[in-house]
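Values below: every heavy atom of this structure, side chains too, minus hydrogens, waters and symmetry copies.
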Amino acid sequence: MRNTYTPSSFLSDDKNFLCILDQSKLPQEEYVLSIQTSDALIDAIKKLKVRGAPAIGVASALGIAVIAKHKIGRDAAELAAEIDEISQARPTAVNLSKACERMQEVLHAHDTNTIDGSLIDKLFFEAQSIYDEEYEQSRRIAEAGLPLIKPGSKILTHCNAGRLATVDYGTALAPLYLAHERGIDFEVFADETRPLLQGARLTAYELTKAGIKTTVLGDSMSSLAIETHGIDLIIVGADRIAANGDSANKIGTNNLAIVAKHYQVPFYVAAPRSTFDLSLKTGAEIPIEMRDPQELSDMWYKQTMIPNEAEIFNPAFDVTSADLISGFITDFGLITSDFEANFKAKVSLES
């Protein structure tokens with residue numbers, strides 16, 4: 001499963017461990033965690049050691065297979081309960097719950113109540129299928145979005161939706177990697193993405209490592225950047241997309257979409273079909289994860305920056321209304337109109 005770069009998660013050669021590149025330590029340190037228990041996997045997901053909707057789904061599937069391997073001979077109900085716990089580690093990213101559902105289906109379809117070698121093989125096969133699907137979807141997103149990347153383009157993005165958030169090119173960054181490979185000259189502006197700085201730490205890390213010109217800016221600087229640097233295009237990822245096109249993504253995305261609308265800058269959301277949740281009619285039904293207040297008060301500054309008397313509001317995501325979105329870059333094509341009709345026609349809930 002290894003590619004030419006270090007993927008966000010992969011299996012050890014003996015399949016006894018799920019290996020995760022600890023994104024909480026980037027860019028200062030490239031540290032790989034070895035995981036073989038549900039507690040360790042849940043901790044990695046909750047603490048953003050692995051993050052990005054597709055990557056979380058893949059890591060959970062691979063992790064469940066590894067966990068099962070260490071439970072041979074035990075009651076399958078024990079594993080089923082742990083899969084349920086894993087699926088609830090982060091509520092907004094639908095890829096996590098979908099991957100866990102698929103692993104749970106394999107478990108329930110098994111013909112005994114005991115975890116055995118046959119079940120382990122089936123679980124690893126399903127996990128590999130989820131991995132392969134995300135890989136192919138990433139490639140198709142890159143092709144779908146490539147026509148948007150013109151020579152000399154200045155492209156703004158928010159959070160991290162590249163290789164670290166998936167298993168290959170990424171989502172929002174997928175067209176950029178393909179454009180770079182094909183010799184198209186462009187420049188990326190990466191929002192810092194407070195409070196955990198996924199743009200400054202992760203997007204800038206992977207893009208500069210790939211040789212792509214990247215400028216980091218604070219989240220509140222996008223309007224001035226558009227005015228002074230001539231931003232041509234904005235592309236972001238998503239953690240869940242409702243049937244009408246309302247999209248949940250990292251907190252601050254909606255602010256950026258509103259600014260883009262004012263300046264008439266095209267605003268695109270890039271996501272694979274695994275991120276679409278057609279069971280939800282609008283973004284109002286998307287659950288929004290609330291994070292530890294300490295992430296906002298002192299995680300990166302190593303000292304308390306907020307008075308103890310002040311309360312802290314720290315949501316991980318916000319929802320961008322479909323009417324602020326120019327189009328969707330997906331593995332089933334570039335969608336620029338009639339979002340709901342196109343999603344219903346082209347997104348299979350079974351995939």
- Note on the structure: The reported gap from OG1 in Thr114 to CG in Leu119 (rounded to nearest 0.5 angstrom) is 10.0 Å
- Does the side chain of His229 reach to within under 4.5 Å of the side chain of Thr215, using non-hydrogen atoms? no
- Task: Mark yes or no for whether Asp246, through its side chain, and Ala322, through its backbone, hold a donor-acceptor pair below 3.5 Å.
- Result: yes
- Message: Give me the atom names and distance for the closest heavy-atom approach of Ile251 to His158.
- Response: O-NE2, 2.9 Å
- Query: So, do Arg163 and Leu173 sit near enough that their side-chain heavy atoms are less than 4.5 Å apart?
  - Reply: no
- Do you see a donor-acceptor pair shorter than 3.5 Å between the side chains of Tyr205 and Gln23? no
- Please examine the side chains of Val259 and Ile234, heavy atoms only from C-beta on, and report whether any two atoms are closer than 4.5 Å. no
- Query: Out of curiosity, Ile72 CD1 to Ile120 CD1, how far, rounded to the nearest 0.5 Å?
  - Reply: 5.0 Å
- Return yes if some donor-acceptor pair links the side-chain N/O of Thr208 with the main-chain N/O of Ala204 below 3.5 Å, else return no. yes
- Which pair of non-hydrogen atoms, one from Leu41 and one from Gly63, has the smallest distance, and what is that distance? CD2-CA, 4.0 Å
- Message: Rounded to the nearest 0.5 Å, what separates atom CG in Leu148 from atom CG in Leu233?
- Response: 6.0 Å
- Ring-face cation of Lys25 near Tyr31 (centre distance under 6.0 Å, axis angle within 45°): yes
- Does Arg240 come within less than 4.0 Å of Asp277, counting only side-chain N to carboxylate O? yes
- Message: Checking the side chain of Asp185 only, and the main-chain atoms of Pro151 only, is there a donor and an acceptor separated by less than 3.5 Å?
- Response: no
- Query: Between Phe276 and Phe328, what is the ring plane arrangement, given parallel below 30°, perpendicular above 60°, and tilted in between?
  - Reply: tilted
- Message: Using side-chain heavy atoms (C-beta onward) and a distance below 4.5 Å, is Val58 in contact with Val50?
- Response: no
- Message: Is it the case that the side chain of Thr330 and the backbone of Phe332 share a donor-acceptor pair, with hydrogens and angles ignored and the cut-off at 3.5 Å?
- Response: yes
- Close side-chain approach of Ile288 to Val319, heavy-atom, < 4.5 Å: yes
- Identify whether Tyr131 and Val94 are in the same connected component of the hydrophobic contact network (ILVMFWY, side-chain heavy atoms under 4.5 Å). no
- Message: Would you compute the distance between atom CZ of Arg194 and atom CD of Glu295 and round it to the nearest 0.5 angstrom?
- Response: 14.0 Å
- Residues Lys49, Asp43: salt bridge by 4.0 Å N-O rule: yes
- Item | Lys154 charged N/C atom sitting above Phe186 aromatic ring, 6.0 Å / 45° | no
- Test Thr320 against Leu256 for side chain to side chain contact (heavy atoms under 4.5 Å, CB included), laying out the working first. CA-CA 9 Å; Thr320 299; Leu256 187 58; over 6 Å; no
- Rounded to the nearest 0.5 Å, what separation is found between the CG atom of Asp331 and the CD atom of Gln137? 4.0 Å
- What are the two closest non-hydrogen atoms of Ser87 and Ser97, and how far apart are they? CB-CA, 4.5 Å
- Message: Given 3.5 Å as the limit, does a donor-acceptor pair link the side chain of Lys261 with the main chain of Asp323, or not?
- Response: yes
- Between Asn160 and Arg201, does any side-chain donor sit less than 3.5 Å from a side-chain acceptor? no
- Item | Ile226 and His262: CA distance, side-chain angles, deciding distance, side chain to side chain contact (heavy atoms under 4.5 Å, CB included) verdict | CA-CA 11 Å; Ile226 290 170; His262 175 77; over 6 Å; no
- Item | Ser274 versus Asn95, side-chain donor and acceptor atoms under 3.5 Å | yes
- Let me see the working for Asp232 and Lys150 under side chain to side chain contact (heavy atoms under 4.5 Å, CB included), right down to the final yes or no. CA-CA 9 Å; Asp232 301 294; Lys150 309 297 184 184; over 6 Å; no
- Query: Quick check: are there more than 12 heavy atoms from other residues, nucleotides or ligands sitting under 6.0 Å from CD of Glu29?
  - Reply: yes
- Query: Looking at residues at least two apart in the chain, or sitting in another chain, which of them share a side chain to side chain contact (heavy atoms under 4.5 Å, CB included) with Ile258?
  - Reply: Asn254, Leu324
- Message: According to a hydrophobic-cluster definition based on side-chain heavy atoms being under 4.5 Å apart (Ile, Leu, Val, Met, Phe, Trp, Tyr only), do Phe10 and Leu202 belong together?
- Response: yes
- Message: Using modelled atom types and a 3.5 Å cut-off, is there a donor and acceptor pairing between side-chain atoms of Thr157 and backbone atoms of Ile235?
- Response: yes
- Message: So which atom in Tyr268 and which in Thr336 form the shortest heavy-atom distance, rounded to 0.1 Å?
- Response: OH-CG2, 4.1 Å
- Short question: side chain of Thr92, backbone of Glu289 - any donor-acceptor pair under 3.5 Å? yes
- Message: Salt bridge check, Glu143 against Arg139: does any charged N sit closer than 4.0 Å to a carboxylate O?
- Response: no
- Item | Close side-chain approach of Phe124 to Val66, heavy-atom, < 4.5 Å | yes
- Message: With a 6.0 Å cut-off (strictly less than), is the heavy-atom count around CZ of Phe125, excluding the residue itself, greater than 12?
- Response: no
- Message: Walk me through whether Arg90 and Arg51 qualify under side chain to side chain contact (heavy atoms under 4.5 Å, CB included).
- Response: CA-CA 10 Å; Arg90 297 194 70 192; Arg51 42 142 305 280; 4.3 Å; yes
- Query: Does Ser326 use its side chain to pair, donor to acceptor, with the backbone of Phe267 at less than 3.5 Å?
  - Reply: yes
- Are any side-chain N or O atoms of Ser138 and backbone N or O atoms of Gly170, one a donor and one an acceptor, separated by less than 3.5 Å? yes
- Message: Let me confirm one number: the CD1-CG distance from Ile67 to Leu62, rounded to the nearest 0.5 Å.
- Response: 10.5 Å
- Side-chain heavy-atom pair Tyr177, Ile212 within 4.5 angstrom cut-off: yes
- Report the residues that fulfil side-chain hydrogen bond (donor to acceptor under 3.5 Å, both in side chains) with Asn249, sequence neighbours left out, ordered by chain and then residue number. Thr253
- Is there a donor-acceptor contact under 3.5 Å linking the side chains of Ser12 and Asp14? yes
- Note on the structure: Nearest heavy-atom approach of Lys250 to Asp318 is O-OD1, 3.7 Å
- Thr203 side chain to Cys159 backbone, donor-acceptor under 3.5 Å: yes
- Any side-chain donor-acceptor pair under 3.5 Å between Gln294 and Asn314? no
- Item | Non-hydrogen side-chain atoms of Pro147 and Leu334 separated by less than 4.5 Å | no
- Query: With the threshold set at 4.0 Å, does a side-chain nitrogen-carboxylate oxygen contact exist between Glu126 and Lys98?
  - Reply: no
- Task: May I have all residue pairs that pass side-chain hydrogen bond (donor to acceptor under 3.5 Å, both in side chains) and include part of residues 62-75, sequence neighbours excluded?
- Result: Asn16-Lys69, Gln36-His70, Lys71-Glu78, Lys71-Glu82, Arg74-Glu78
- Message: Please give me the minimum heavy-atom distance between Ala225 and Ile231, naming the atom from each residue.
- Response: O-CG1, 3.8 Å
